[in-house]
Participant: 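For reference, the structure I am asking about is given below.
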Amino acid sequence: MSKLRIISVVGARPNFMKVAPLHREFLNYCNSVEHLICHTGQHYDYEMSKVFFDDLGLPEPDFYLGVGSDSHGAQTGKVMIEFEKVCFESQPDVVIVVGDVNSTIAASLVACKLGIKTAHIEAGLRSFDRTMPEEINRIATDSICDFLFVTEESGRKNLLKEGHPEEQIFFVGNTMIDSLVSILPKINESRIISILDLSEKDFALMTLHRPSNVDNKEQLLKILEVIEFICDNLTLILPLHPRTRKNIETFGFKSRLERIQSLVITEPLGYIDFVKLMKHSKFVITDSGGIQEETTFLGIPCITMRTTTERPITCEIGTNLLVHPEKRNLVKAVEHVLLEKDKKYQIPPFWDGKAASRIVSILLNKCLKK
Ligand code: UD1
């Protein structure tokens with residue numbers, strides 16, 4: 001009997017943590033499954049890509065498409081052209097795509113059109129804001145994939161509302177949390193707290209990269225003012241995403257940022273160092289998707305600088321506070337979080353480190369040639 005050949009596609013930073021636990025799980029079935037990894041190269045800097053392979057113990061990708069940065073259309077198109085060649089050459093039985101980045105929609109379009117069974121991990125999340133490129137990627141990917149694996153109840157409801165049948169939807173939990181659970185015992189190895197000369201719970205951590213926050217000069221200025229406010233109160237660590245770094249320079253904010261005492265700007269950090277900082281921070285302030293989930297799991301207060309979230313469970317029962325990214329609102333939220341003590345929160349159902357095992361067992365049950 002020939003093995004089931006599965007290709008998982010990764011492209012950008014948040015994808016790597018979602019695929020690593022699946023890869024580990026597939027190794028338990030190496031007699032019946034060949035699991036291959038295709039890296040599109042959407043993210044290519046060491047700090048945005050390779051460091052995650054190292055930290056997560058992922059092997060070198062089996063295919064590297066090297067698409068790099070470009071406009072949305074060009075980046076998506078390049079992934080499609082190159083990934084189609086991979087599919088022709090290696091004839092996978094199943095393609096797995098994760099998250100909501102351009103590589104996700106590109107690879108699923110290719111696979112579905114070739115009649116390859118396609119699974120979407122983290123399906124059903126909706127911000128209902130179609131100005132976000134990720135929202136378009138989510139809707140389009142879900143509408144064509146065969147298996148839809150969801151991380152929270154809202155995902156299931158959204159998919160049902162969009163007309164997907166129950167049989168296609170699987171509420172399995174969160175593979176990003178699987179990675180977090182497996183990395184936690186390793187964060188003691190990280191020296192980042194002492195390298196940055198910090199004391200535990202005496203600093204805040206910020207990430208910032210959404211186009212809606214950093215591509216517009218006035219909006220970025222508002223956030224810069226919030227950074228100044230935070231730094232009047234405590235040390236702030238800001239690992240700078242390349243998009244944000246570029247815009248800070250283009251808009252002429254570099255010297256103003258450099259003048260802020262208590263602001264520590266770093267390169268994008270590896271996974272182990274970043275989780276260590278999250279776990280020991282007083283609070284996290286972010287516009288990311290996944291960090292809303294990681295902070296909820298860790299019980300660390302999180303201020304999300306966005307108008308919407310596609311991960312409502314993190315606000316409903318977790319530690320997340322969704323705040324419209326205006327200076328007044330953000331300053332109020334920071335003051336609130338600094339005063340708050342022992343907020344009650346819960347970890348969402350199935351965020352238990354076992355999502356990958358559920359996904360793999362469902363996929364093998366459905367796809368193994370009997
Ligand atoms: C992408 C995802 C976003 C995800 C984010 C995580 C889409 C539409 N967006 O956004 O959902 O939250 O990744 O980081 O897929 N760059 C580098 N080095 C790199 C990667 C990017 O310098 O390794 C620069 C490029 O100049 C590029 C810019 O950063 O123009 C943005 O990269 P891109 O992948 O287009 O989008 P992100 O903003 O990273």
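Remember, it's 1-based here, ligands and their atoms both numbered in the order they're listed.
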Participant: How far is atom 18 (N) of ligand 1 from the closest protein heavy atom, and which atom is that?
Facilitator: D45 OD2, 2.8 Å
Participant: Looking only at protein heavy atoms, identify the closest one to atom 38 (O) of ligand 1 and say how far it is in Å.
Facilitator: R243 NE, 2.7 Å
Participant: Is a salt bridge present between E82 and K78, judged by a nitrogen-to-oxygen distance below 4.0 Å?
Facilitator: no
Participant: With heavy-atom distances below 4.5 Å as the criterion, would you say the side chains of L36 and E34 are in contact?
Facilitator: yes
Participant: Are the charged groups of K113 and E84 less than 4.0 angstrom apart, N to O?
Facilitator: no
Participant: Return the CG to CD distance between D70 and Q42, rounded to the nearest 0.5 Å.
Facilitator: 11.0 Å
Participant: Give the atom numbers and elements of ligand 1 that come within less than 4.0 Å of a heavy atom of P242.
Facilitator: 16 (N), 17 (C), 18 (N), 22 (O), 24 (C), 29 (O)
Participant: Could you pull out, from H241, R210, H72, H209, the option with a heavy atom nearest to atom 14 (O) of ligand 1?
Facilitator: H241
Participant: When rounded to the nearest 0.5 angstrom, what distance separates CZ in F203 from OG in S281?
Facilitator: 5.5 Å
Participant: In terms of residue, atom name and distance, what is the protein heavy atom nearest to atom 17 (C) of ligand 1?
Facilitator: Y44 OH, 3.2 Å
Participant: Compute the shortest N/O to N/O distance between N137 and ligand 1 and return yes if it is under 3.5 Å, no if not.
Facilitator: no
Participant: So, for H39 and F16, is the gap between ring centers shorter than 6.0 Å?
Facilitator: yes
Participant: For H43, is at least one N or O under 3.5 Å away from an N or O on ligand 1?
Facilitator: yes
Participant: Taking the non-hydrogen atoms of E47, is any one of them nearer than 4.0 angstrom to ligand 1?
Facilitator: no
Participant: So which atom in K50 and which in D54 form the shortest heavy-atom distance, rounded to 0.1 Å?
Facilitator: NZ-OD1, 2.8 Å
Participant: Going by the angle between their ring planes, with limits at 30° and 60°, are H43 and H241 parallel, tilted or perpendicular?
Facilitator: perpendicular
Participant: Does a side-chain N-to-carboxylate-O contact under 4.0 Å join D352 and R358?
Facilitator: yes
Participant: Name the closest protein heavy atom to atom 2 (C) of ligand 1, giving the residue it belongs to and the distance to 0.1 Å.
Facilitator: V101 CG1, 3.6 Å
Participant: List the steps and the verdict of side chain to side chain donor-acceptor pair (under 3.5 Å) for D100 and N137.
Facilitator: CA-CA 5 Å; D100 55 15; N137 292 340; over 6 Å; no
Participant: Check ligand 1 against M48 and write out every atom of the ligand that is under 4.0 Å from a heavy-atom position of the residue.
Facilitator: 14 (O), 19 (C), 23 (O)
Participant: Nearest protein heavy atom to atom 27 (C) of ligand 1, by residue and atom, and its distance?
Facilitator: S69 OG, 3.3 Å
Participant: Please list the nearest protein heavy atom to atom 8 (C) of ligand 1 with its residue and the distance rounded to 0.1 Å.
Facilitator: N102 OD1, 3.3 Å
Participant: Indicate, as side chain, backbone, both or neither, the part of E134 found under 4.0 angstrom from ligand 1 when only non-hydrogen atoms are considered.
Facilitator: side chain
Participant: Minimum distance, heavy atoms only, to atom 6 (C) of ligand 1: which one of A106, P14, A12 is it?
Facilitator: P14
Participant: Distance to 0.1 Å, residue and atom name: give those for the protein heavy atom nearest to atom 26 (O) of ligand 1.
Facilitator: K246 NZ, 2.3 Å
